[in-house]
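All chains are named by letter (A, B, ...) in the order of the sequence lines, taking the proteins before the strands, and each is independently numbered beginning at 1.
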2 protein chains.
Amino acid sequence: MEIRIGDLAKRSGCKVVTIRYYEKEGLLPKPARSGGNFRLYGEAHIERLQFIRHCRSLDMTLSEIRALLGLRDNPMQDCGEVNTLLEAHIQQVEMRVSALLQLKRHLVDLREKCSGSRSVEACGILQGLGNCNCHGESATNSQTSG
Amino acid sequence: MEIRIGDLAKRSGCKVVTIRYYEKEGLLPKPARSGGNFRLYGEAHIERLQFIRHCRSLDMTLSEIRALLGLRDNPMQDCGEVNTLLEAHIQQVEMRVSALLQLKRHLVDLREKCSGSRSVEACGILQGLGNCNCHGESATNSQTSG
DNA sequence: TAAAATCTCTATAGTCACTATAGAGTCAAG
DNA sequence: CTTGACTCTATAGTGACTATAGAGATTTTA
Ligand SMILES: [Zn+2]
Ligand SMILES: [Zn+2]
Ligand SMILES: [Zn+2]
Ligand SMILES: [Zn+2]
């Protein structure tokens, strides 16, 4: 059961270049090669790539995925780390959601501000974007410390 | 009223390099220079940078911001475009939120699956990440068409 | 006035997870 | 034996920065 990279791409729903990229990044082991130097994949690769894609669809970073794969490759380990990683990821997602919701409230507020005067000069939106003091003159900013 | 880049950075809560980056990207006009070739900024720059930072804090891309600045620089224009841009941005944020919420549901489901057996091999989370058929073998994927 | 500390300058490379391109080689079908 | 689809490697680009190096300017301190 040996398939080439194009077929693997079709099966996994990701692109050929992405598969090669994962290989370069060490997420997928180097496959066997054909006489003509084509990559030849087997069941294990297919399953592993699906695992990776699933994790990616859950917005995990490649290094999170690398960690999960590392655990998966040593099945005797305690699964506590898996839980920890997942928990941390969920929290990240939650934080991102609440940040976006706050941001959306801000955007909606802004939308209300258009006076409808139809002139950019008088548009409350642009004024709101310039005048709003929600980010202060002092460094209350996320960018500042980094 | 001429301040140097470091002070502008403090006032706006963004880094010196970021200010230079915005200049290179054409968001901030090239400022005057001192005898020693230091950038010298005035009120207009400060206000403009605050506008940019505000937009960035609302997750707008630099090209969206470029568009808004372009409108702001020609105050006689109709403000309809401002509304359009804002509306589109709000929709993007909404879409991102709902995608993240769906994703979170998925992650929480996954979290439930840990059998507590404390062995990676038997951990329902890793199995769930491998077996889940929510992304199908066929190309129901966002990556596929690109 | 000199030395030290701080700030600024340009240019270049790195981040992440890919995407795009160029130019060459491989392989199956007609 | 040529066409076309597939594959190979290597390199550069994306967005919005961040990090670094090495030099020059200015300010502070001794
Ligand atoms: Zn308006
Ligand atoms: Zn605001
Ligand atoms: Zn478990
Ligand atoms: Zn799933």
Using the test side-chain hydrogen bond (donor to acceptor under 3.5 Å, both in side chains), find all partners of B/Glu2 that sit at least two apart in sequence or belong to another chain. none

Measure OH/B/Tyr21 against P/C/dT15 and give the value in whole Å, please. 17 Å

Check the distance between C/dT19's P and A/Arg20's CZ and give it to me in whole angstrom. 13 Å

Output yes when at least one side-chain N/O atom of A/Tyr22 is less than 4.0 Å from OP1 or OP2 of C/dC18, else no. yes

How many whole angstroms separate atom CD1 of B/Ile19 from atom C1' of D/dA16? 15 Å

Test item: A/Glu64 side-chain N/O and A/Thr61 main-chain N/O as donor-acceptor pair under 3.5 Å: yes

Taking A/Cys79's backbone N and O only, do any of them form a donor-acceptor pair with A/Asn83's side chain (distance below 3.5 Å, no angle check)? yes

Just to confirm, is there a sub-4.0 Å distance from OP1 or OP2 of D/dT26 to any side-chain nitrogen or oxygen of B/Arg4? no

Output the rounded distance in Å from CZ (A/Arg56) to C1' (C/dT19). 14 Å

How long is the line joining NZ of B/Lys15 and P of C/dC9, in whole Å? 17 Å

Given DNA chain D, 5'-ward residue of the pair A/Ile5 and B/Met60, judged by closest heavy atom: A/Ile5

Can you check the B/Leu8 CG to C/dC9 P distance for me, whole Å? 11 Å

Any residue in residues 23-40 of chain A with a heavy atom nearer than 4.0 angstrom to DNA chain D? Just list them by number, or reply none. A/Arg33, A/Asn37, A/Phe38, A/Arg39

Between the side chain of A/His54 and the main-chain N/O of B/Asn131, is any donor-acceptor distance below 3.5 Å? no

Return each pair, listed once, that meets ring pair (Phe, Tyr, Trp, His ring centres under 6.0 Å) where at least one residue sits in residues 18-41 of chain A; pairs must be two or more places apart or across chains. A/Tyr41-A/His45

How many whole angstroms separate atom CD1 of B/Ile3 from atom P of C/dC7? 15 Å

Assuming nearest nucleotide by heavy-atom distance, tell me which of A/Val16 and B/Thr61 is located more 5' along DNA chain D. A/Val16

Quick check for you: to the nearest 0.5 Å, what is the distance between B/Leu71 atom CG and A/Ile125 atom CD1? 10.5 Å

More than 12 foreign heavy atoms under 6.0 Å from CD of A/Glu23: is that the case here? yes

Can you tell me the distance, in whole Å, between the CG atom of B/Leu62 and the P atom of D/dT18? 12 Å

